[in-house]
Amino acid sequence: MRPDMTLAQLRAWLLRYADCIDEIADQLTELDAAIGDADHGANMVRGMSKVRMHLLDASEPAEDVAALFRTVAMTLISSVGGAAGPLYGSFFLRAAQTPALAGCTVVSTQQLAAMCRAGAEGVQNRGKAALGEKTMLDVLFPAVDALERAATAGLDLPDALAATLEAARTGLHATIAMEARKGRASYLGPRSIGHQDPGATSSYHLFTTLAATINAAA
Amino acid sequence: MRPDMTLAQLRAWLLRYADCIDEIADQLTELDAAIGDADHGANMVRGMSKVRMHLLDASEPAEDVAALFRTVAMTLISSVGGAAGPLYGSFFLRAAQTPALAGCTVVSTQQLAAMCRAGAEGVQNRGKAALGEKTMLDVLFPAVDALERAATAGLDLPDALAATLEAARTGLHATIAMEARKGRASYLGPRSIGHQDPGATSSYHLFTTLAATINAAA
Amino acid sequence: MTAAEPMQKLINDPANAVADSLRGFALAHASMVRLYESPCVLVRRDAPVQGKVTVISGSGSGHEPLNTGYVGRGMLDAACPGDIFTSPTPDQYLAAIDATHGGQGVVLIVKNYAGGVLNSEMAMELAAARAVELASVLVSDDVAVPDKARRRGLGGAVLVEKVAGAAADAGYTLEQVVAVSQRASNQVRSMGVALSSCTAPMLGRPTFRLPAGTMEVGVGIHGEAGRMRIETTSADAVVELLLEAVAADLELRPGERVLAMVTGLGGTPQQELYIVYNHLHRMLEAQGVVVERSLVGDFVTSLDMAGAAVTVLRLDDELLRLWDAPVWTPTLRW
Amino acid sequence: MTAAEPMQKLINDPANAVADSLRGFALAHASMVRLYESPCVLVRRDAPVQGKVTVISGSGSGHEPLNTGYVGRGMLDAACPGDIFTSPTPDQYLAAIDATHGGQGVVLIVKNYAGGVLNSEMAMELAAARAVELASVLVSDDVAVPDKARRRGLGGAVLVEKVAGAAADAGYTLEQVVAVSQRASNQVRSMGVALSSCTAPMLGRPTFRLPAGTMEVGVGIHGEAGRMRIETTSADAVVELLLEAVAADLELRPGERVLAMVTGLGGTPQQELYIVYNHLHRMLEAQGVVVERSLVGDFVTSLDMAGAAVTVLRLDDELLRLWDAPVWTPTLRW
Ligand SMILES: Nc1ncnc2c1ncn2[C@@H]1O[C@H](COP(=O)(O)OP(=O)(O)O)[C@@H](O)[C@H]1O
Ligand SMILES: Nc1ncnc2c1ncn2[C@@H]1O[C@H](COP(=O)(O)OP(=O)(O)O)[C@@H](O)[C@H]1O
Ligand SMILES: [Mg+2]
Ligand SMILES: [Mg+2]
Ligand SMILES: [Mg+2]
Ligand SMILES: [Mg+2]
């Protein structure tokens, strides 16, 4: 049995991520208070609560992966605001636009990697940040790289996600030592060093919840 | 030699009072902070500095006691403001108007007592407070009573002032237990109990400096 | 007298805070006002305005925009700013009278504090020698003080000053200005809460300590503590507490018309003031009271004190007309 | 998400602070504005005004009176208030465009923050489907940020919005409104200092700790810390620090004309703001600069943050005429 990811699992992942955001909201707020404006927790909670509501209430559940991600994207874009809204919105929007996704209700590890690659590039296109500027990209890119490598190497999904998570964690921790060059923290200059980036933290949990979803199913 | 008080001594008293006010300004401010608006120190310093300036700079020094007190009164009235300005202004204005004072350059203990009586009544007429309402009157009236008794008993000035000071101190300390019924402290109601009245404190030092002036001369 | 610790304030020498600020005010509003420094009076640029009753108000500084921000067409002819929290001296009133009276008499708007009353009384006695008809109107709207004779003047002062200025502009006689202003004063009630003490420049530290989780109810405007200390609660509950006291004392009845005002005490952001107003407006309407006009912002403050006060003025046709009459001051304009 | 400790704030549920406040605002200024709640947009009462360019601005809440206080005749057609310190979403811009555009195109005034830029860009992309001509003007006046491309929008936003609104009222085309507003934006510089952190309702405690005796220089308006922390000093020294940076960057020369603005950050009383203005005005004049107009008060704030920011706009005849043009909003009126 190929451990592909089903539409239901992707939906479960997003619900799990919404719950996770509730749990880590205070941490995100604290991290943002240290080098930003203390709203990243509230922003993510507002957005992911709306996503949860949509997923639970929708009279017609998304019929394919692309539609699911498009809904998530539009919900985040229309409810989050700040920097995180358009950035996470772009992540899911571009992921939804991954070639050959239309009609899919199951995605392979390869496809999942392609989606995350598209998403991460969407974030970069939107926000114009580079690696090492202390943003969510410093989690997204290393994680996607690892996921792609794992997919190419033919690892099954749980193992691929373990590697992804490992890379995401390393990326996350690397943001601590970085000086911010994009977003609000950049105004602090060198004073931004020594703090973990809030957006990178919320991005990291995209992968913890993804792994948890797959492991729960396994 | 009858220990009357000369015009020069009265002037010296007022200068000494001005210096004393500088010294106790912080205390007056603290006392007013506790049950009022923290300005009694600044108010008294502003007024008595102006008085000092007038006394030191006047090209023509006051020619009699009435003129001296009138100058002090007008200076306080025009520079202090708040409750203390009109009240202390009235004290010196009414004292200046004591019958048979015009032309005097020396005052007897009796006359001094009459002046203080007139002054204290001036404060009462202006402020409409009664004894026991936690105001400067709770020092002024007991002190004047004592001074009058001493004068009637024929005590010489140093002794008379010692008795006056004693009564003033008792009056001052009595304000601690009082509930304010006039002035800003009255808005605190029972919460004003347990604090010494700032105006009573500045009034008390009218007598400490008067006694010190006489004792310095003796 | 200087503070031992550095203060978190944008001031220079605390002793010059009032003078520095007034100079900046006069520079910023040079087209509207003129500052005389000694004694300190702020007057309308075009003073004296002849042929109308002159309206003057004084109070301690630290309550900005009261009263300087209300000098101008349709409101005050002059403001007498005292030192911080200290009522102005009689000399300031006299100088204001001399600089602004226009031949039809002068009305002093006085807030009911010992200092305010005593100094204005003295001013009126001293001015008796002048050929100027003088009258005063007392504002004592603070329902936190049970004894009506001792009630302090709070936000009601702004409303009374607006009414007096409009009446003067409309050609009312001195007697008529006094009558309608005193009626406004009689029809207005206020009460406030503080969520922090203020820090007066001369003291250099908060006048009182307010532990987190508590608030002072029934505060005056001199940075002094209030009548009682209670636990902090929601904005809506605070509004209900304040409005209950105000409405009961005013004997507000359904169908009556009012002006509702929320003034910040200096350190509270607009966001909170409108949260307060939101519930105040709804509560009044729920009681069947018609909120004809409103005013939300910093109008009578205590330096940087956090908190707000609620003021309700019962309106009649004349008061409403005078409120709506044109006004052109640094703070109020329409 | 709820604060563990009680807050010294007049709010109800922190999550509803923005909504409660906007409702109160709409009630208090019902004759001027109308509130749509979902998505949240505050528009001129008489919107859409046909036959003129439409001017819209959005920003996070907590900066009041920015932008709600600037909605009205001669300034903004709509304000899009985001959550606290959070730029509004594209949907809010779209709703504002739909509610107010008057057939002559729409200009969005955007402050240069990642969130502000990203959301307005998205809004413009999404609005491309509509038959409405759209343009945006970027405000980035904060000289505390050395890299010009990353400079934040501060008090300059108010001035640019006034210019844009007046140009639109004067019948300028979309292109012309954009040109003159962008020129105003290019000619304005600001810098601010904080003497305390603010407390955001959702966080429930100060965003950063500022020990007594220190101040943050070069703060933005989101309650975030500034560029550096220095010891507190006199108001005059603070003004010199700020003006030096502003004037140097603007390359101000003797004989030039400016508008000088001092905005409080929310927790600083008027008295201090005028102390700051006093020295700012004198310093500018000492440099031979002509202070043609001024503005002192709370115009762009960070909730209850103590502190102030200085803004200088280089004026030319056209900008001055547009500044002086009539305006009728809750906050600015002439
Ligand atoms: N240009 C950008 N590219 C990528 N990520 C960014 C960019 N700007 C900001 N971010 C991310 O957004 C996070 C902050 O989000 P949030 O606090 O919700 O918005 P805001 O900064 O508007 O308050 C940062 O921690 C950072 O990871
Ligand atoms: N009506 C009054 N009669 C007598 N003394 C009064 C009266 N009102 C106030 N005082 C005195 O004035 C003092 C306060 O003076 P001050 O602080 O200078 O003025 P303010 O109360 O206006 O701030 C009080 O401590 C009290 O002794
Ligand atoms: Mg943030
Ligand atoms: Mg006092
Ligand atoms: Mg006082
Ligand atoms: Mg934000």
Side-chain angles (χ1 to χ4, degrees), chain C residues 5-13 17-18 20-25 27-29 61-62 64-65 69 84 193 195-196 198 210 212-213 215 231-232 234-236 238 266-282 291 294-296 298 301 303-304 306-308 333-334, chain D residues 5-13 17-18 20-25 27-29 61-62 64-65 69 84 193 195-196 198 210 212-213 215 231-232 234-236 238 266-282 291 294-296 298 301 303-304 306-308 333-334:
Chain C
E5 281 172 66
M7 260 180 279
Q8 300 303 95
K9 278 188 182 297
L10 290 165
I11 56 172
N12 299 300
D13 182 348
V18 171
D20 286 351
S21 184
L22 285 169
R23 285 179 197 139
F25 185 87
L27 285 170
H29 304 289
S61 290
E64 291 73 19
I84 288 176
V193 293
L195 291 154
S196 80
C198 63
L210 198 52
M215 61 186 194
E231 281 182 21
T232 49
S234 70
D236 287 358
V238 169
T268 287
Q270 278 195 16
Q271 182 171 73
E272 294 176 39
L273 301 182
Y274 283 108
I275 291 175
V276 168
Y277 182 74
N278 184 45
H279 198 60
L280 176 64
H281 186 107
R282 286 163 203 272
V291 184
S294 67
L295 205 57
V296 182
D298 278 358
T301 64
L303 292 171
D304 54 355
R333 298 185 196 173
W334 55 78
Chain D
E5 281 171 66
M7 262 180 279
Q8 300 303 97
K9 280 190 179 295
L10 291 164
I11 56 173
N12 299 302
D13 182 347
V18 171
D20 285 352
S21 185
L22 285 169
R23 286 179 196 140
F25 185 87
L27 285 169
H29 305 288
S61 289
E64 292 72 22
I84 288 176
V193 293
L195 292 153
S196 80
C198 63
L210 199 52
M215 60 186 193
E231 280 183 20
T232 48
S234 71
D236 287 359
V238 169
T268 287
Q270 278 195 14
Q271 182 171 74
E272 294 176 40
L273 301 182
Y274 282 108
I275 291 174
V276 168
Y277 182 75
N278 183 45
H279 199 59
L280 176 64
H281 186 106
R282 286 163 204 272
V291 184
S294 67
L295 205 57
V296 183
D298 279 357
T301 64
L303 292 172
D304 54 355
R333 297 184 195 176
W334 54 80

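The chains referred to below are lettered A, B, ... by the order of the sequence lines, with proteins before strands, and numbering in each begins at 1. In this text the structure is predicted, and so the values were computed from the model without any measurement.
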4.5 Å side-chain heavy-atom contact, C/Val238 and C/Val276: no

Flag side-chain contact, heavy atom, 4.5 Å: D/Gln271 against C/Ser61: yes

Could you tell me whether the side chain of [X] and the main chain of [Y] form a donor-acceptor pair under 3.5 Å?
{"X": "C/Asn12", "Y": "D/Asp236", "value": "yes"}
{"X": "D/Ser21", "Y": "C/Glu272", "value": "no"}
{"X": "C/Gln8", "Y": "D/Ala212", "value": "no"}

D/Ser234, part contacting chain C, at a heavy-atom distance under 4.5 Å: both

Part of D/Ile84 within contact of chain C (heavy atom distance under 4.5 Å): side chain

Could you have a look at [options] and say which one has the most heavy-atom pairs with chain D under 4.5 angstrom?
{"options": "C/Ala308, C/Pro65, C/Cys198, C/Ser196", "result": "C/Pro65"}
{"options": "C/Gly266, C/Ala306, C/Pro269", "result": "C/Pro269"}
{"options": "C/Asn278, C/Leu10, C/Asp20, C/Leu27", "result": "C/Leu10"}
{"options": "C/Ala28, C/Ala17, C/Ser294, C/Gly267", "result": "C/Ala28"}

Greatest number of heavy atom pairs closer than 4.5 Å to chain C - which of D/Met215, D/Arg282, D/His279: D/Arg282

From D/Leu303 atom CG to C/Thr268 atom OG1, the distance as rounded to the nearest 0.5 Å: 11.0 Å

Point-to-point distance, once rounded to the nearest 0.5 Å, from CZ of D/Arg23 to OH of C/Tyr277: 15.5 Å

Where does [X] contact chain D at under 4.5 Å (heavy atoms): side chain, backbone, both or neither?
{"X": "C/Val18", "result": "both"}
{"X": "C/His29", "result": "side chain"}
{"X": "C/Leu22", "result": "neither"}

